[in-house]
Engineer: 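This is the structure I have questions about; it appears just below.
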Amino acid sequence: MATLFIADLHLCTEEPAITAGFLRFLADDARKADALYILGDLFEAWIGDDDPNPLHREMAAAIKALTDSGVPCFFIHGNRDFLIGKRFAHESGMTLLPQEKVLNLYGRNVLIMHGDTLCTDDTGYQAFRAKVHQPWLQKLFLSLPLFIRQRIAAKMRAGSKAANSSKSLEIMDVNPQAVINEMEKHQVQWLIHGHTHRPAVHELTANAQPAFRVVLGAWHTEGSMIKVTPDDVELIAFPF
């Protein structure tokens with residue numbers, strides 16, 4: 001019995017090794033799981049479910065093969081792929097979840113999220129996030145011709161890289177009090193998230209009890225997953 005979590009693969013055609021590693025993961029480790037949760041940024045960018053990118057079709061087919069085998073797959077949007085919609089979810093067999101979800105895993109109540117909402121010190125990013133998550137703006141963007149969306153997305157990625165290069169590592173990490181606030185709001189002692197690309201298990205106190213924040217790593221040079229079993233919660237790095 002095991003439930004698996006991954007995040008921050010940032011799949012794109014320019015990184016075929018990561019894609020190959022993900023395909024092997026789906027065909028091996030994931031097939032043995034009770035469920036797979038993808039906590040955002042599966043793709044480097046997403047400009048709409050109608051994007052004909054062959055990589056998207058390949059990944060949808062691979063995830064659908066997993067769900068057809070009897071392993072359910074759940075998805076929380078990341079900051080890179082927050083426009084993944086019902087069409088891709090249906091094609092891949094994934095279930096879309098809200099940005100925060102509490103699971104009962106073998107007797108543990110675990111809060112899961114992408115993690116970007118915890119980075120409250122990065123006020124510039126939070127303002128941008130609030131803007132692009134407005135439904136009317138998303139609807140307007142998705143109504144644009146594909147080539148215009150591609151140009152806008154490329155410009156936004158370049159702007160994001162430039163902005164992040166001038167920010168301190170502390171600003172782009174989670175705010176400790178924001179973490180405690182979320183865990184106490186949901187009355188949990190476990191939090192699993194991605195986004196920061198800083199894999200670690202952090203011990204803290206929430207709800208006047210020992211608590212744990214487990215952070216997934218990004219799939220840059222190796223894979224990263226969290227394996228939850230009745231006996232343990234493990235952060236595991238593995239080769240592609």
Engineer: How about His10 and Phe43: are their ring centres within less than 6.0 Å of each other?
Structural biologist: no
Engineer: Please report the interatomic distance CG(Asp121) to OG1(Thr123), rounded to the nearest 0.5 Å.
Structural biologist: 8.5 Å
Engineer: What pair of heavy atoms forms the shortest contact from Ala35 to Val71, and how long is it?
Structural biologist: CA-CG1, 4.0 Å
Engineer: Can you check whether His56 and Trp46 have ring centres sitting under 6.0 Å from each other?
Structural biologist: yes
Engineer: Could you walk me through whether His220 and His197 pass side chain to side chain contact (heavy atoms under 4.5 Å, CB included), step by step?
Structural biologist: CA-CA 9 Å; His220 290 318; His197 301 185; 3.5 Å; yes
Engineer: Okay, side chain of Asn175, backbone of Cys119: is any donor-acceptor separation there less than 3.5 Å?
Structural biologist: no
Engineer: Check this for me: does any side-chain nitrogen of one of Glu203 and Arg213 sit under 4.0 Å from a carboxylate oxygen of the other?
Structural biologist: no
Engineer: Heavy-atom distance under 4.5 Å between the side chains of Phe5 and Leu216, does that happen here?
Structural biologist: yes
Engineer: Can you check whether Phe88 and His90 have ring centres sitting under 6.0 Å from each other?
Structural biologist: no
Engineer: Should Ile152 and Arg149 count as side-chain neighbours, where that means a heavy-atom distance under 4.5 Å?
Structural biologist: no
Engineer: Using the rule that Ile, Leu, Val, Met, Phe, Trp and Tyr join whenever any side-chain heavy atoms are under 4.5 Å apart, tell me whether Met113 and Leu4 fall into a single cluster.
Structural biologist: no
Engineer: To the nearest 0.5 Å, what is the distance between CD1 (Ile112) and CG (Leu105)?
Structural biologist: 8.0 Å
Engineer: Short question: side chain of Arg198, backbone of Val215 - any donor-acceptor pair under 3.5 Å?
Structural biologist: no
Engineer: State plainly whether the residues Asp68 and Lys64 are in salt-bridge range, i.e. N to O under 4.0 Å.
Structural biologist: yes
Engineer: Could you pull out the closest heavy-atom pair between Ala237 and Glu222, with the gap in Å?
Structural biologist: CB-OE2, 3.5 Å
Engineer: For Asp41, does its backbone N or O pair with a side-chain atom of Asp81 as donor and acceptor, under 3.5 Å?
Structural biologist: yes
Engineer: Does Trp190 form a side chain to side chain contact (heavy atoms under 4.5 Å, CB included) with Val233? I'd like the steps, not just the answer.
Structural biologist: CA-CA 10 Å; Trp190 289 89; Val233 178; 3.7 Å; yes
Engineer: Measure the shortest side-chain to side-chain distance between Met225 and Phe25 over non-hydrogen atoms and say whether it is less than 4.5 angstrom.
Structural biologist: yes
Engineer: Using side chain to side chain contact (heavy atoms under 4.5 Å, CB included) as the criterion, point out the one residue from Ile192, Leu103, Val110, Ile6 that pairs with Tyr37.
Structural biologist: Leu103
Engineer: Using a distance-only test with no angle check, is there a side-chain donor-acceptor pair under 3.5 angstrom linking Glu100 and His186?
Structural biologist: yes
Engineer: Would you call Glu182 and Val188 a side-chain contact if the rule is heavy atoms closer than 4.5 Å?
Structural biologist: no
Engineer: Does His195 offer a backbone N or O that forms a donor-acceptor pair with the side chain of Asp8 under 3.5 Å?
Structural biologist: yes
Engineer: Quick one: are Val214 and Leu191 in side-chain contact, heavy atoms under 4.5 Å?
Structural biologist: no
Engineer: Tell me whether Arg108 at atom CZ has more than 12 heavy atoms from other residues, nucleotides or ligands lying less than 6.0 Å away.
Structural biologist: yes
Engineer: Compare all side-chain heavy atoms of Leu146 with those of Ile47 and state whether any distance is below 4.5 angstrom.
Structural biologist: yes
Engineer: What distance separates Glu58 CD from Ile63 CD1, expressed to the nearest 0.5 Å?
Structural biologist: 10.5 Å
Engineer: Under the 3.5 angstrom rule, does the side chain of Glu184 hit a backbone N or O of Val179 as a donor-acceptor pair?
Structural biologist: no
Engineer: Using only atom types and a distance under 3.5 Å, with no angle test, would you say the side chain of Glu234 pairs donor to acceptor with the backbone of Val228?
Structural biologist: no
Engineer: Is a salt bridge present between Asp122 and Arg129, judged by a nitrogen-to-oxygen distance below 4.0 Å?
Structural biologist: no
Engineer: Are Leu144 and Phe147 joined in one hydrophobic group, where the rule is that I, L, V, M, F, W and Y side chains link up if heavy atoms are under 4.5 Å apart?
Structural biologist: yes
Engineer: How close do Lys86 and Leu96 get, heavy atom to heavy atom, and via which atoms?
Structural biologist: N-CD1, 4.2 Å
Engineer: So how far is it from Thr19 OG1 to Phe240 CZ, rounded to the nearest 0.5 Å?
Structural biologist: 9.5 Å
Engineer: Are Arg80 and Glu44 close enough for a salt bridge, meaning some N to O gap below 4.0 Å?
Structural biologist: yes
Engineer: Using every non-hydrogen atom in the two residues, find where Ile18 and Leu9 come nearest and quote the distance to one decimal.
Structural biologist: CG2-O, 3.7 Å
Engineer: Decide yes or no on side chain to side chain contact (heavy atoms under 4.5 Å, CB included) for Leu11 and Met59, but give the supporting numbers first.
Structural biologist: CA-CA 9 Å; Leu11 296 174; Met59 295 302 100; 3.7 Å; yes
Engineer: Group every Ile, Leu, Val, Met, Phe, Trp and Tyr by side-chain heavy-atom contacts under 4.5 Å, then state whether Leu97 and Ile226 land in the same group.
Structural biologist: yes
Engineer: Find out whether Ile236 and Ser224 are in side-chain contact, i.e. whether some heavy atom of one side chain is under 4.5 Å from a heavy atom of the other.
Structural biologist: no
Engineer: Ignoring hydrogens and angles, tell me if any N or O in the side chain of Gln189 forms a donor-acceptor pair with the backbone of Ala206 under 3.5 Å.
Structural biologist: yes
Engineer: Is there a donor-acceptor pair closer than 3.5 Å between any side-chain N or O of His114 and the backbone N or O of Leu39?
Structural biologist: yes
Engineer: Met183 versus Leu204: any side-chain heavy-atom pair under 4.5 Å?
Structural biologist: yes
Engineer: Give the ring-plane orientation class for Phe22 versus Trp219, where under 30° counts as parallel, over 60° as perpendicular and anything between as tilted.
Structural biologist: perpendicular
Engineer: Return yes if some donor-acceptor pair links the side-chain N/O of Asp51 with the main-chain N/O of Asn53 below 3.5 Å, else return no.
Structural biologist: yes
Engineer: Indicate the atoms forming the closest heavy-atom contact of Leu142 with Gly48, along with that distance.
Structural biologist: CD2-CA, 3.7 Å
Engineer: For the CD atom of Gln209 and the CD atom of Gln187, what is their distance to the nearest 0.5 Å?
Structural biologist: 8.5 Å
Engineer: Between Asp34, Thr229, Asp231, which is the residue that forms a side-chain hydrogen bond (donor to acceptor under 3.5 Å, both in side chains) with Tyr106?
Structural biologist: Asp34
Engineer: Supply the atom-to-atom distance Lys227 NZ to Thr3 OG1, rounded to the nearest 0.5 angstrom.
Structural biologist: 10.5 Å
Engineer: Between Leu36 and Leu26, does a side chain to side chain contact (heavy atoms under 4.5 Å, CB included) hold up when you go through it step by step?
Structural biologist: CA-CA 9 Å; Leu36 172 65; Leu26 290 176; 3.9 Å; yes
Engineer: Count I, L, V, M, F, W, Y as connected when their side-chain heavy atoms are under 4.5 Å apart, and connections chain through other members. Are Val132 and Ile76 then in the same cluster?
Structural biologist: no
Engineer: Go through the steps for Asn104 and Asn109 under the test side chain to side chain donor-acceptor pair (under 3.5 Å), then give the verdict.
Structural biologist: CA-CA 5 Å; Asn104 185 282; Asn109 287 329; 3.0 Å; yes
Engineer: So if you build clusters from Ile, Leu, Val, Met, Phe, Trp, Tyr with side-chain heavy-atom gaps below 4.5 Å, do Ile148 and Leu137 land together?
Structural biologist: no
